[in-house]
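Data block below; observations after.
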Amino acid sequence: MKYIWLAGILMLTAITNYSSGATVAVLGTGRVGAALGVQFAQQGYQVVYGSRDPGRPAVAALVAKTGYGASAATPDAAVTKASIVVIALPWKATEAMVKSLDLAGRIVIDPTNALTIGPSGLMEMAVETSAGELIQSWAPKAKVVKAFNTLGFHVMANPALAGGPVTSPLAGDDADAKRQVGEIVRAMGIETVDVGPIRNARALEAMAVLYMVPYLTGNREEAFEYYLRKGAAPKQSEGVRPAQ
Ligand SMILES: NC(=O)c1ccc[n+]([C@@H]2O[C@H](COP(=O)([O-])OP(=O)(O)OC[C@H]3O[C@@H](n4cnc5c(N)ncnc54)[C@H](OP(=O)(O)O)[C@@H]3O)[C@@H](O)[C@H]2O)c1
């Protein structure tokens, strides 16, 4: 019965999004862009992929796979009508792209990780702050919400592949944008936890450093997906404070 209700709510959300004509620009047609583009389309959003080469066959194939009226365009054309923009780009391409676009007033979902391979052969932060904070500073009038960066792209495409619940923590300075992104993420079947302002993107991107260790060490049996078990706080706690 619970699942019938859930399916009904998801269907209603999809119809509402589609009829409201809400457009999502997904910048980048790689693994994350493809996973999230399909997910957005299934929620009834009008998806426009922003690609460096929107006419190439691989992009046409992704558009066809996405369905629901999806299309592809150059990045600046893609964002024109979009109320939501997803930055599914390599970190090295992100600054130039963000600075070239008019993102004012739009919700910008940021799944990027500002990482580089360090001397140990493992990932480490490529910046002193985080991709999320820098994107917000490059587009100060955008409402940046850090999301998805701690999940594998295969789980974004199909959360059931994780074999259990998974969580996308959300960080951002605009409470309403974070609430809207939370609704979208949960409709994909991914739990959310509000972890505060965009400044905390630096902690979320550090989680991505740890996520990559099993893959980069060939220790795949240690590979994991993040699940944060909410509701675990003591019912009464008066002593929660930093150590003195
Ligand atoms: N892969 C994961 O599991 C995962 C998980 C969490 C977060 N992330 C983060 O999500 C972001 C996207 O990752 P991804 O795995 O989707 O990357 P990807 O598969 O390499 O795809 C990146 C896409 O960005 C576009 N692009 C624009 N400018 C580019 C440039 N100068 N060089 C290369 N590509 C460019 C390309 O699409 P067009 O050719 O159509 O322009 C490309 O397909 C990254 O910041 C990554 O750290 C990835």
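For this chain, numbers begin at 1 and follow the sequence in order. We use all heavy atoms of the structure for the numbers below, so side chains are in, but hydrogens, waters and symmetry mates are not.
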Would you say Y226 and S168 are linked by a side-chain donor-acceptor pair, where the criterion is simply a distance under 3.5 Å? no

Given the rule that I, L, V, M, F, W and Y join up when any side-chain heavy atoms are under 4.5 Å apart, are W91 and V209 in one cluster? yes

Verify the neighbour count for atom CZ of R56: are there more than 12 heavy atoms of other residues, nucleotides or ligands below 6.0 Å? yes

Does the K230 side chain pair with the main chain of T192, one donor and one acceptor, at a distance under 3.5 Å? yes

Okay, side chain of E191, backbone of V166: is any donor-acceptor separation there less than 3.5 Å? no

Joint cluster assignment, V79 & Y49, ILVMFWY side-chain distance < 4.5 Å: no

Point-to-point distance, once rounded to the nearest 0.5 Å, from CD1 of I107 to CD1 of I84: 5.0 Å

Could you go through M97 and I87, starting from their C-alpha distance and side-chain angles, then the distance that decides it, and tell me whether this counts as side-chain contact (heavy atoms from CB on, under 4.5 Å)? CA-CA 9 Å; M97 182 71 83; I87 312 277; 6.0 Å; no

Worked verdict on V24 versus V48 for side-chain contact (heavy atoms from CB on, under 4.5 Å): CA-CA 6 Å; V24 177; V48 185; over 6 Å; no

What's the verdict on side-chain hydrogen bond (donor to acceptor under 3.5 Å, both in side chains) for T112 and D110, showing C-alpha distance, side-chain angles and the deciding distance? CA-CA 6 Å; T112 68; D110 168 30; 2.6 Å; yes

Output yes when a side-chain donor or acceptor of N113 lies under 3.5 Å from a complementary backbone atom of A208, and no otherwise. no

Applying side-chain contact (heavy atoms from CB on, under 4.5 Å), run through F148 and V185 and close with a yes or a no. CA-CA 9 Å; F148 299 112; V185 176; 3.6 Å; yes

Chi angles and distances behind the side-chain contact (heavy atoms from CB on, under 4.5 Å) call for V26, V47: CA-CA 7 Å; V26 178; V47 171; 4.1 Å; yes

Answer yes if L89 and M125 sit in the same cluster of Ile, Leu, Val, Met, Phe, Trp and Tyr residues linked by side chain heavy atoms under 4.5 Å apart, and no otherwise. yes

Less than 4.5 Å apart, any side-chain heavy atom of P159 and any of Q39? yes

Neighbour count above 12 (heavy atom, 6.0 Å) for Q236 CD: no

Quick check against the 3.5 Å criterion: does T23 have a side-chain atom that pairs as donor or acceptor with the backbone of A82? no

N/O donor-acceptor pair under 3.5 Å between E205 side chain and L115 backbone: no

Tell me the side chain to side chain donor-acceptor pair (under 3.5 Å) pairs involving residues 117-131, sequence neighbours left out? S130-E133

Are V32 and L27 in one and the same hydrophobic cluster, where Ile, Leu, Val, Met, Phe, Trp and Tyr link if side-chain heavy atoms are under 4.5 Å apart? no

The side-chain contact (heavy atoms from CB on, under 4.5 Å) partners of A61 (sequence neighbours excluded) come to none

Treating R186 as the side-chain partner and V181 as the backbone partner, does any N or O pair qualify as donor plus acceptor under 3.5 Å? no

In the single-linkage hydrophobic clustering (I, L, V, M, F, W, Y; side-chain heavy atoms under 4.5 Å), do M212 and M207 co-cluster? yes

Under a 3.5 Å cutoff, is there a donor and acceptor pairing between the side chains of T74 and D76? yes

Who are the ring pair (Phe, Tyr, Trp, His ring centres under 6.0 Å) partners of Y211, not counting sequence neighbours? Y215, F224

